[in-house]
Amino acid sequence: MKIVTIVGARPQFIKAAVLSRIFEKDSSFDEVIIHTGQHYDSNMSDVFFQELAIPKPKYNLGISGGSHGKMTGEMIICIEEIVLKEKPDMILLYGDTNSTLAGAIATSKLNIPIAHVEAGGRLGTMSNPEEINRIITDHVSSTLFACTASAMDFLKKEGLLEKAYLVGDPMYDAFRYYSGNVGDNCPEKLIKLDGTLITCPNEFYYLTCHRQENTDIEEKQLNILDAMESLDKPCVYPVHPRNSGKVKEICSSRDYMNVMFVQPVGYLMSIYLTKHAEKIITDSGGLQREAYFAKKQCVTVFDYVAWPETMVKNRNQLAKPMKSDILNKLSRNVTFDDYDMPFGDSHAAEKIIAILKERYLR
Ligand code: UD1
Ligand code: UDP
């Protein structure tokens, strides 16, 4: 069975890695990877292909930046051309980025079955660009793979249960699989935004922040950084390229002595930071789950619950992008007693592949 996998952004490389590893070993599959180019810096793309041993994409479309419409439109044109040439039996899409949406629109109109991994996540607001991508992709897909019971509930409400399967979270597969390569010693130095190397402290908080909703308004950025500045330990902050320009501008007029602004790190280093951080502050869908996997307290600076299963017992709490709210949430005592794992058994990829075989292999 020939499968075309479409990826383009950092979190998609991680999810695709756990499936591609199995495709490579199973002669019933021939996987062709299209990288849209949405993420292209070597620390946002190449490092994941190297560390996670993802097969080299046959196509790299080199499409990135610009408005949502321009990026998505250019991707649709190129994906359609390639898929017409490759004639796959099915398309595999991950998550909720513009690369996902482009793949969904281009290929659903070619009447090729689409499987969507990480289906069913809903925030309940169309003001979030990824919500639009998720809903459209789920509705045009033929097979939906949900990570959690709450995602299945959303799919049921939208009448999509017939094509949905609860398989667990491939991010949890990846976390378990690659954690074995990450010990207690820091694997590498951090790289500051000016390119100089710096040692990761033994005790630290881990911050990531890249959502359009938090980065587009400077006041929100300042509040988040001011909160990090008043923490009792340094805060390691790998800055996503979306807001590195704004961060440099802010730092030219203010001194943040407690915040270590560094370049994006690879996946293994991110796992190290997650496992060794005091607490985690993020707006990332992936990192808030990884915090839960690692039993670390997390504060998610966002207005909407993305992963309700992590929100029990204050283990992951929402905070407004306001210094006082972030510090208040971080100061709460949280335990991981009675911990359960709502993200599957770390074999989501095997389940997905078994279902694909049953449904589509002839
Ligand atoms: C995208 C996804 C978001 C996901 C995030 C993961 C959409 C709508 N958003 O957001 O859901 O959580 O990826 O990180 O698809 N840039 C670089 N170098 C890179 C990558 C991006 O400079 O390697 C720049 C782009 O040129 C652009 C900006 O960063 O100006 C934002 O990139 P974009 O891909 O549009 O959105 P993300 O914020 O990365
Ligand atoms: N991550 C990484 N390097 C970093 C920051 C994050 O490898 O500098 C990893 C993180 O561990 C998680 C994934 O990137 O696995 C999440 O991606 P991102 O936050 O970009 O996207 P989201 O999950 O919000 O869509």
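Index from 1, following the sequence.
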> Are a donor atom and an acceptor atom from the side chains of Thr100 and Asn133 found within less than 3.5 Å of each other?
Replying inline: no
>> Once side-chain hydrogen bond (donor to acceptor under 3.5 Å, both in side chains) is applied, what residue pairs with a partner in residues 34-44 remain, sequence neighbours excluded?
In response: His35-Ser45, Thr36-Ser99, Gln38-Ser99
> Does the cation-pi check pass for Lys351 over Tyr165, that is, NZ or CZ under 6.0 Å from the six-membered ring centre and within 45° of its axis?
Replying inline: no
> Which of parallel (below 30°), tilted (30 to 60°) and perpendicular (above 60°) describes Phe261 and Tyr256?
Replying inline: perpendicular
> Got a sec, which residues hit salt bridge (charged side-chain N to carboxylate O under 4.0 Å, His left out) with Lys320, two or more places apart in sequence or on another chain?
Replying inline: Asp303
> With under 30° as parallel and over 60° as perpendicular, where do the rings of Tyr272 and His276 fit, or are they tilted in between?
Replying inline: parallel
>> Minimum heavy-atom separation for Leu318 and Tyr304, please, with both atom names.
In response: CD2-O, 3.6 Å
> Cation over ring, Arg21 on Tyr177, under 6.0 Å and within 45°?
Replying inline: yes
> Taking the six-membered ring for Trp, are Phe343 and Trp307 parallel (under 30°), tilted (30 to 60°) or perpendicular (over 60°)?
Replying inline: tilted
> Is there side-chain contact between Arg254 and Asp226, with heavy atoms separated by less than 4.5 Å?
Replying inline: yes
>> If we count only N and O atoms by modelled type, under 3.5 Å, do the side chains of Glu290 and Ser284 hold a donor and an acceptor together?
In response: no
>> For Glu51, give me all partners under salt bridge (charged side-chain N to carboxylate O under 4.0 Å, His left out), at least two apart in sequence or on another chain.
In response: none
